[in-house]
Structures are given as C-alpha cells and as structure tokens.
Amino acid sequence: MLWIGGPPAVGKTAIATRLARRHGLRLYSADTRTWAHRDRALRQGNLAARRWESLTPEWRWQRATAAEMLEMSLHRERGQMVIDDVASLPTSPLVVAEGSTLPASAVAQGIAQRSRALWLLPTEDFHERQLAARSTTGGPLLLYRLLREVVEPEAIEHQVPSITVDGTRGVAEMVAVVEEVFADALAAGPRAETRELRRRLLREFNEAVVGQVHSYYARPWAQGDPDAVKRLFLCECGDLDCEAEVVLSVGDATAGRVLASGHS
C-alpha cells in the first residue's frame with residue numbers, strides 16, 4: 001500500500017492517478033466510497049449519518065454550523081472504513097490509496113508503513129485559490145476549510161511524512177516529488193506488468209466512479225437518471241504513458257471500454 005492523504009482540493013487524486021497509470025498500480029480513491037460508507041454508517045445506527053440524511057440541502061449546507069458539518073461528514077468514522085476497504089483488496093499489484101478520509105492514525109498504529117505514507121498539506125493561500133478555482137462556495141467551502149484545519153494537526157500528531165503544497169510546482173513536478181518519496185516501494189512492486197492487467201485495473205476504477213453515482217441516486221431524496229450523469233473517466237487503453245481522461249455519461253461508460261480518441 002501507498003497512502004496519500006491531505007485535505008480536499010490539494011491534488012491527491014491527480015497525483016495518485018498518474019502514479020497508478022504510470023507504474024501499473026491499483027488505484028483506490030476514498031471519494032468513490034462516500035455513499036457506501038454512509039450506508040455502512042446508517043446500518044451501524046450512526047446518529048450523525050441519520051441526521052444528515054434527514055435534513056434538507058439548505059439545512060445541511062447553509063444552516064448547520066461548521067462543527068455540525070464536520071460531524072455529519074463522518075470524517076473520523078470513515079477512517080476505519082477506508083482501512084477496512086483497503087484490507088479487502090488483492091495484495092497484488094501494489095495499491096495507491098488517496099483521500100481526505102485516509103486516517104493519519106493508521107501510520108501510528110503500524111497499519112500504514114511510514115515510508116509508504118505521504119500527506120499533502122496546503123498553505124492557506126494555495127488552498128483558498130484551489131477552492132475558488134473549483135467554485136466551491138457555501139457549506140462545502142466552510143467544510144473544506146475546516147478539514148484543512150483538522151487534517152494537518154492529525155498528520156503532525158501521528159508523525160506522518162508530509163510535504164507542503166503551495167502551488168509553485170505543477171502536477172508533473174508534484175508527481176516526480178511523490179515518486180521520489182515512494183521510489184523504493186515502487187521498485188519493489190508488485191506492479192501490473194501486462195497491458196491487459198492494467199486495462200482491468202483502470203476499468204475497476206471507472207466502475208468505482210459509476211458505483212459512486214448510482215449509490216448517490218439510490219438515496220430516497222435524490223432525483224434524476226444516474227446513467228445520464230456525465231463524469232470524468234480514465235482512458236482504459238493501458239498504455240503506461242497515457243494520461244488521457246474522457247468525459248462520458250455513466251451509461252456510456254458502463255456500456256463498453258472507455259477510450260480516448262485514437263486510443264485502443
């Protein structure tokens with residue numbers, strides 16, 4: 001396992017995705033398990049999860065306090081769920097896991113090897129620019145700011161290796177930095193050596209995105225056709241140099257292999 005943590009909007013997904021594609025790794029993104037984790041919390045009788053489901057969007061994002069938003073985000077509860085998820089994955093090839101809910105405590109507990117964990121911690125200025133670029137406003141903006149204030153102390157408390165992200169390095173440079181940190185682990189592998197296996201891994205990730213959308217629209221309060229929703233999917237050509245992404249409806253992504261124009 002490789003672990004990449006940090007608050008939202010710091011570049012974790014972009015970096016982990018490139019690592020997975022370039023080195024033939026299995027990619028686990030905690031965001032694709034959001035609704036599965038919420039369903040698990042509901043089955044366990046979690047009061048914060050129940051309350052969130054019962055509230056209107058206005059209450060959730062406009063009237064709830066920052067502390068209430070954090071509690072109802074299940075940030076801390078989802079940490080153990082992430083650990084359970086990755087423990088259930090095949091041991092080969094190497095997994096790169098990323099997400100804001102990856103628990104820093106996993107390092108202190110020995111679940112995550114310190115040499116295979118890295119938290120991306122943004123400066124306030126960079127994080128605010130990122131949130132603005134994503135047009136994050138209202139309640140989500142408040143929550144993401146709060147998560148920035150929560151995740152960094154957790155990383156410090158559990159002595160997780162980290163790097164400061166201030167926007168002076170682009171994605172390619174950041175990937176190179178993370179590759180250097182994980183150089184020994186990447187060399188040790190195991191990695192997907194065949195193109196067909198890499199294609200299956202990419203398909204697995206895209207199916208997780210599809211599952212996330214369908215899980216959202218399965219909520220009793222959600223309206224719309226999940227298959228009509230458009231999302232960004234990874235090209236499944238399996239080429240180690242491919243960084244292409246494709247905007248498709250969920251229905252189209254489900255119907256066949258996702259390929260960028262000119263890829264096979």
Give a yes or no answer on whether the side chain of [X] reaches the backbone of [Y] with a donor-acceptor pair at less than 3.5 Å.
X    : Y    : result
K12  : P7   : yes
R60  : L55  : yes
R33  : D85  : no
S215 : G211 : yes
H127 : P8   : yes
R78  : A30  : yes
E68  : T65  : yes

* Decide whether T32 and Q212 meet the rule of one side-chain donor and one side-chain acceptor closer than 3.5 Å. => no
* So, D31 and T34: side-chain donor and acceptor under 3.5 Å apart, yes or no? -> no
Please tabulate, for side-chain N and O atoms in residues 157-170, each donor-acceptor pair with protein atoms closer than 3.5 Å (sequence neighbours left out).
residue : atom : partner : partner atom : Å
D166    : OD1  : T168    : N            : 3.0
D166    : OD1  : T168    : OG1          : 2.6

How long is the straight-line distance from [atom2] of [Y] back to [atom1] of [X], given to the nearest 0.5 Å?
X    : Y    : atom1 : atom2 : answer
M72  : L143 : CE    : CG    : 9.5 Å
S73  : L147 : OG    : CG    : 5.5 Å
T123 : F126 : OG1   : CZ    : 7.0 Å
L259 : L234 : CG    : CG    : 12.0 Å
Q223 : Y217 : CD    : OH    : 10.0 Å
T101 : R76  : OG1   : CZ    : 12.5 Å

Got a salt bridge between [X] and [Y], using NZ or NE/NH1/NH2 to carboxylate O under 4.0 Å?
X   : Y    : result
R22 : E179 : yes
E71 : R51  : no
R21 : E243 : no
D84 : R40  : yes

Just wondering, do [Y] and [X] contact through their side chains at under 4.5 Å, heavy atoms?
X    : Y    : result
L25  : V95  : no
W3   : V96  : no
L248 : K230 : no
H75  : V151 : yes

* **Single hit among R257, R198, R203, R199 for side chain to side chain donor-acceptor pair (under 3.5 Å) with E236** =>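 Single side chain to side chain donor-acceptor pair (under 3.5 Å) partner of E236 among R257, R198, R203, R199: R203.
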* **L42 and N46: CA distance, side-chain angles, deciding distance, side chain to side chain contact (heavy atoms under 4.5 Å, CB included) verdict** => CA-CA 6 Å; L42 289 169; N46 183 282; over 6 Å; no
* Asked: Checking side chain to side chain contact (heavy atoms under 4.5 Å, CB included) for the pair Y28/F205: CA distance, chi angles, key distance, verdict?
  -> CA-CA 7 Å; Y28 170 92; F205 177 78; over 6 Å; no
Within 6.0 angstrom of [X] [atom1], more than 12 heavy atoms from elsewhere:
X    : atom1 : value
E180 : CD    : no
D184 : CG    : no
F182 : CZ    : yes

* Test log, rule side chain to side chain contact (heavy atoms under 4.5 Å, CB included), inputs L232 and V246 -> CA-CA 6 Å; L232 203 61; V246 186; over 6 Å; no
* Is the distance between the ring centroids of W52 and W221 less than 6.0 Å? -> yes
